[in-house]
Structure formats: C-alpha cells, structure tokens
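See below for the structure under consideration.
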Amino acid sequence: MDAVLLVARLTLAIVFGVAGVAKLADLAGSRKAVADFGIPAVLAPTLGLLVPIAELLVAALLLPASSAWWGAGGALTLLAAFVAGIGANMARGRRPDCHCFGQLHSAPVGWPTLARNAALAGVATLVVAQGPYGAGPSALAWVAELSAGATAAVVAGLLIFSALGALAWSGTQLLAQQGRLLVRLEALEAQLAQGAVSPAPPGIPSPTPPAPQGRLVGAPAPAFTLPALAGDTSSLADLLASGRPLLLLFMDPNCGPCTALLPQVAQWVREHGDVLAFAVVSRGTPKENRKKFAEPGLPPVVLQERYEVSEQYQTLATPSAVLVRSNGRIGSTVAAGAEAITSLVERFAAGIAAPGSSGSGAMGMGTAAPVLALPDLDGRSVELASFQGRDTLVLFWNPDCGFCDRMLPDLKAWEATAGSGAPQLLVVSTGSAEANRAMGLTVPVVLDVDSVGARTLGAGGTPSAVLVDAEGRIASDLAVGAQAVFALAAPVEAWRDGPTAVIAVG
C-alpha cells in the first residue's frame, strides 16, 4: 500500500507542479482563463496569480511524508473547485478555455477535462483517506541517505537541468520572434519591390511600414468549392449568399491555439452574426474535425484536401483569418494569430478600417467623406462632394515620386480603357500646376499644396488611394502602392457592405 500511495502522491505532485509552472509562464493567459470561467473581472488578476502559486505549494507539500496529507487535501480542494467551475460552465452551454497547463496544453473544457479532474480528485481522496500519518513514505527520504558529495552533485544537476530548460524556452521564444520578423521583412521587401510608398511631404507623418500578408485588398477573392463538414459541398458563393461580409477562419484539427480560440469564435457568432458571416476552412478527416468543432454555436466548416485554399489566400499559419466583402473581394490582409484575428473582428464591428490598411489615420468605412475643396490646375475650386452619384477613387499623387512616375503609363492606359463599371478618378497631387500638366492626365487633378487633403483623409505616402462610394461614404481600406490602387480601380459591381476606400498622400 505504501508504494501505491507514493505513486499517487508523485502523480499529483507532477501534475500540479507542471500546471503551476506553465501557468506562471503565461500569467496573462491564466488571468484571462479565470475571467472566462465567470469570475468577476476585479478578482481575475489576483486569482490568475494565486491559482498557480497554490498548485506549486500543493506539489511541494505532497513530497515529504510529514506534509503529504495536507498537500493531498489541498489538491482535493483545488480539483473540487475545478470540477465545480467546469460543470457550471458546461451546464450553461459554455466551454471556456481551461488553460490547464498554460501554453503547453490549452483547450476548451468538455467531458474529457471533467473526467480528468474527477480522476485526479479520486487519487487525492485515496491519500486523504489514510489520515495525517498514513499517507505513505516520504518521496524525499533518499536524499537523506546521500553523501555530501552526492547531494552537491544532485543539486548541481538540478540547477543545470533548470538552466538548460530556461535556455530552451528562451531559444524557442527567440526563434518564434525572429520568424515573425523575417515574415514582416519579406512582406515589406515585396511591397517595396511593387512600388508601394514614397516618403510623405513635410508636415505629414509617414505611416509605419506595414507587413501585409495575403492577397491585395480589393482584389477578387479566390473561389473554391469544398466538402462541408455538415455534408454535401459549400462554395465561396454559398458562404456569401447572405449578403453579409464573410470572415474566413483558417484552422487545423491539431492546432492548439485554434482550439483555444473556438469559444471566442462562438461568442463572435452570437454577437456579430447579424452583420458578419463566419466560416472555418480546415483540413484533415471529417471525424477529427467533428471532434474539434463540436462546440455549439460555431460557424460552418469546409474541408480542404491539403492546403490548396490556404495557398490561394496566402495564409501562412493557423489560426489565421481573411475578411471577404459581400461583393466577393478581399477586405483585409491576413490576420495571423488569435490577437490579430480578434483585432480584425473588433475593428470591423466598430466600423473602423480593417487591419491591412496602411495608414493609422484612415477614416472609418461607412462614414461620410469629409468636406474637401481644392483648386484644380487652373485655380478653380473643386469639391469632393461634386463627385457624388458614382464611385470615386481619390488618388494621392506626387509628380516627383519615383513610384508614381513608374505607375504613370499604366494609369494612362487605365484612363483610356476603364469601362462604365470602374470608379471615376480624382487625383489629389502635390507640386506645381506645370509639373502636373506635364503628366498628360485627362482626369481631374487638384493641387494639395499644404497637404490639407492628405491630412483630412489620413493619407501618408504616394501613390495611394481611397474609394468613396456614390453616396459620399468612405468605402475601402487604405491602399498603398500601384497594385493595391489598381485593385481598387477595377470595376465595382455592388459594394453592399461599404467597399473599402483607398487614401494616400504624396
């Protein structure tokens, strides 16, 4: 019986020790998990710290024979609280992320979580039932039998092991950070290679260079038809049939962060489902996906065979998300990771330009375009409001901008071939009237000598643009660079959810 009790205590000590250390390594996640379980926000930060400390204390008490009974009692108390919290949330149809082992393992609670905690509670009960003096032999008795040299060797070994563990953890975090930086640098290099942005004129703060991922905002979203987890097939057109914008969530059945995000996704569906449609693009077998996406209230799931749709949308990791507007055009760059996806949803819900716009000062989509009047090349005042009745692409330009100069031949070709479905063009330019006349454009050109228009519309570099719809509302995210501008200049059939406006200043 002593051996059984010792094994039981060591099992509990290892579980609580690992859980406590992992939670302390991710205190923000621990505090969030406590709040997600329904604890008042004012108590969540304190409990988020006290829970892992209590787990480590329990683990330490379980090792010596003299304190093992108290440790088992503490373990039973914590497990009973965990079981009660999990059961109460499941009874209300909620499945918050348990954050049981911090970032080592994090998943929405369910019957397996309840069963695991109940089983551990049974192990703790076995030890408690033996009484204060019958909890079995000490797990540390062998230490007393060691010589001074052996004890020093054990202590040194533990210190080296701890140091190596810390180095491995730091290395992992550093590699992850370097990977994110490389992705951002590659995206920035690609943007510069495409002729993205030139420095802003004096008085206008230059925007922080973005690290866009995915297809260009305003470009047609790649079509697909995939097997649906609910049966039959589902296409992009089917998912857009409601007339609402669509958030495509790219996930994987073996992705831990995806699992941790699912309760939040269910909450978004409840809170924003009337204005935003959701769909999950996953991979793998139907069986493992049904197990993964069993939580009530989650959006429909479609299954790609490998990564064919992910490659089309250029999503590099899971979880990631891309907004597709109701007209079937890309509405955001790729939001990679739970934090970026949350920001994308919150910005959309608030009516603000989605991440992937290139300027922090861009006006919110759906808001009325500001009153703006600037002189044309002959000195006559031209008002932005006079362009109402048809979608207008406001293009910010600088005749001395090398990127603009490279774009000019293509802009003239677009001028000559744009059909009736394309937006009309208004060029807001810096420089002199003579320099702008020399470009040979036939579309209206107004002079923004003091960068009033740029400041008003939040532009920060050239060439860039913003789309204003026929009713005079901002209709797109900030687009910077020739490719992004031409994507917005393509014919627009029905921007029912408020197309994205493109703004840039030269």
Side-chain angles (χ1 to χ4, degrees), residues 5 8-62 67-132 135 256 259-267 270 291 294-298:
L5 290 173
R9 284 162 41 210
L10 286 175
T11 300
L12 291 171
I14 291 171
V15 170
F16 277 92
V18 171
V21 170
K23 287 188 179 75
L24 283 178
D26 184 21
L27 274 178
S30 179
R31 290 163 177 159
K32 182 179 184 301
V34 169
D36 289 345
F37 267 85
I39 300 299
V42 68
L43 299 177
T46 302
L47 284 179
L49 176 61
L50 289 180
V51 168
I53 291 176
E55 289 176 331
L56 290 175
L57 179 61
V58 162
L61 290 174
L62 281 164
S67 61
W69 186 79
W70 296 100
L76 183 59
T77 301
L78 286 174
L79 289 165
F82 296 160
V83 168
I86 294 168
N89 276 273
M90 290 179 63
R92 294 198 298 267
R94 299 182 67 251
R95 294 180 61 196
D97 178 11
C98 73
H99 204 257
C100 305
F101 297 96
Q103 293 185 349
L104 296 178
H105 175 72
S106 188
V109 298
W111 291 110
T113 320
L114 200 61
R116 182 180 68 234
N117 282 275
L120 290 171
V123 173
T125 300
L126 172 65
V127 178
V128 170
Q130 308 308 310
T259 305
L261 184 63
L262 290 179
Q264 184 65 62
V265 173
Q267 182 176 338
R270 291 193 302 270
K291 181 179 179 182
E295 182 178 350
L298 288 176

Original post:
When you look at L49 and L24, which way does the side-chain contact (heavy atoms from CB on, under 4.5 Å) test go after all the steps?
Top reply: CA-CA 7 Å; L49 176 61; L24 283 178; 4.0 Å; yes
Original post:
Within the side chain of Q130, is there an N or O that forms a donor-acceptor pair under 3.5 Å with the backbone of L126?
Top reply: yes
Subject >> Shortest non-hydrogen contact between P52 and G20, atoms and distance >> reply: CB-O, 3.5 Å
Original post:
What heavy-atom pair brings P296 and A266 nearest, and what distance separates the two atoms?
Top reply: O-CB, 4.2 Å
**OP:** To the nearest 0.5 angstrom, please state how far the CZ atom of R9 sits from the CG atom of L61.
**Re:** 11.0 Å
**OP:** Identify the two heavy atoms, one from A124 and one from A72, that lie closest to each other, and give their separation to 0.1 Å.
**Re:** CB-O, 3.8 Å
Original post:
Is there a side-chain contact between V127 and L76 (heavy atoms, below 4.5 Å)?
Top reply: no
Original post:
Rounded to the nearest 0.5 Å, how far does CG of L120 lie from OG1 of T11?
Top reply: 8.5 Å
Original post:
Closest heavy-atom contact between T259 and P263?
Top reply: O-CD, 3.6 Å
Original post:
At what distance, to the nearest 0.5 angstrom, does CD1 of I86 lie from CZ of R116?
Top reply: 7.5 Å
Original post:
Do the non-hydrogen side-chain atoms of L114 and V83 ever get within less than 4.5 Å of each other?
Top reply: yes
Original post:
Can W69 and V128 be said to form a side-chain contact (heavy atoms from CB on, under 4.5 Å), step by step?
Top reply: CA-CA 6 Å; W69 186 79; V128 170; 3.9 Å; yes
**OP:** Looking only at non-hydrogen atoms, find the nearest pair between V51 and F82 and report the distance.
**Re:** CG1-CZ, 4.2 Å
Subject >> CG-CG distance between L10 and L62, expressed to the nearest 0.5 angstrom >> reply: 8.5 Å
Original post:
In Å, rounded to the nearest 0.5 Å, how long is the span from CG of N117 to CG of L78?
Top reply: 10.0 Å
Subject >> Euclidean distance, L50 CG relative to L57 CG, rounded to 0.5 Å >> reply: 11.5 Å
